[in-house]
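First comes the structure, then the notes that go with it.
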Amino acid sequence: QVCAQLCRRPCYCPWVPPRCPRGSPLVLDGCGCCKICARRLGEPCDFLHVCDQSQGLVCDYSSASAGTGATCNFEDDEEGCEVNGRVYRDGEVFQPSCKIQCQCLDGGFNCIPLCQEDVRLPTPDCPFPRRVEIPGKCCPEWICEAQDQHLLQDARAASPLLRFPCQEWGTEWSACSATCGVGFATRVSNQNRYCRLETQRRLCMVRPCPALPAAFPAVS
């Protein structure tokens, strides 16, 4: 009787079939006439708008008495979850991407990472670790860059003069800080790897200091 009331003969269908959302295949409607998009888990359904049977869904009329209408649900009343338009059974393990693995549990899902989330600290043999994406591999990997490259980059960033020939400049060395013995002299110069002005020091000695006179013996 329902088929006779809702289904018209002959069938009149749109020339172009509908474009379905991801995870919803094209199926025949309840009358077996036209192709429609199958309803997914939790979506409203009726005699004409059928559920996706490939996912084990049926039109559940148990909630229709409450005025909410029928919805697509699992035939055996099992809990399920939907991810990216695809329905997974309760307890089913799946991988939305190569980097994570998930399991459907009680209508939701729990996921764990498949790529190591370790942190690599600088070491003497790898002073500048960096994590990069490797073509053809899912998980990023750690690589070690040469320290000289970083020093050169830091130097260029600190002093743009390195891109051009550095014209040396400096003052004369100052007088020795000590009149005898070891002292130091200073000057201002740009003769360094960064071509920046800095105060430089060097050891100097004008003459040795005279020896201290020997102590005379005490006279009683």
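Atom CG of residue D46 and atom OH of residue Y61 lie 6.0 Å apart, to the nearest 0.5 angstrom. For the atom pair CD1 (I36) and CG (L28), the distance works out to 8.5 Å, reported to the nearest 0.5 Å. Note that the SG atom of C102 and the CG atom of N110 stand 8.5 Å from one another [nearest 0.5 Å]. The structure places SG of C115 at 9.5 Å from CD of E141, a figure rounded to the nearest 0.5 Å. Remark: E43 CD to H49 NE2 distance equals 11.0 Å, nearest 0.5 Å. Going from atom CZ of F74 over to atom CD of Q55 covers 7.0 Å, rounded to the nearest 0.5 Å.
The backbone N or O of I112 sits nowhere less than 3.5 Å from a side-chain atom of Q101 that would complete a donor-acceptor pair. Judged by distance alone, with hydrogens and angles left aside, the side-chain atoms of T71 form no donor-acceptor pair with the main-chain N or O of P44 at under 3.5 Å. For the pair S174 (side chain) and A185 (backbone), a donor-acceptor distance under 3.5 Å is absent.
Residues C72 and R40 fail the side-chain proximity criterion, which asks for heavy atoms closer than 4.5 Å. Counting heavy atoms from C-beta outward, K99 and C138 have side chains that approach closer than 4.5 Å. P140 is not listed as a side-chain neighbour of V132, based on a closest heavy-atom distance of 4.5 Å or more. Residues T179 and V206 have side chains not in contact (no heavy-atom distance under 4.5 Å, counting atoms from C-beta outward). You'll find the side chain of V58 stays beyond 4.5 Å of the side chain of N73, heavy atoms only. The closest side-chain heavy-atom distance from L114 to Q95 is below 4.5 Å. Annotation: side chain of Q200 is not in contact with side chain of T186 (no heavy-atom distance under 4.5 Å). Contact of the L57 side chain with the L41 side chain is registered, since non-hydrogen atoms from C-beta on lie closer than 4.5 Å.
Heavy-atom contacts from other residues, nucleotides or ligands closer than 6.0 Å to CD of Q116 number 12 or fewer. Shown here is E92, whose CD atom has more than 12 heavy atoms of other residues, nucleotides or ligands within 6.0 Å. Taking a 6.0 Å sphere around CZ of R131, one finds it holds more than 12 heavy atoms contributed by other residues, nucleotides or ligands.
The minimum heavy-atom distance linking C104 with Y88 is given by the pair SG-O, 3.5 Å. When all heavy atoms of G183 and S177 are compared, the pair lying nearest together is CA-OG, 3.5 Å. A pairwise comparison of heavy atoms in F47 and C7 identifies CE2-SG, 3.9 Å as the closest pair.
C98 has its SG atom at least 2.5 Å from the SG atom of C139. The SG atoms of C59 and C45 lie less than 2.5 Å from each other. Pairing of C34 with C11 by a disulfide is not supported, the SG atoms lying 2.5 Å or further apart.
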Check residues 15-23 and write down every donor-acceptor pair under 3.5 Å in which the side-chain atom is one partner and the other belongs to a residue at least two apart or another chain.
none

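Taking the ring axis of W173 as reference, the NZ or CZ atom of R202 stays within 45° of it and closer than 6.0 Å to the ring centre.
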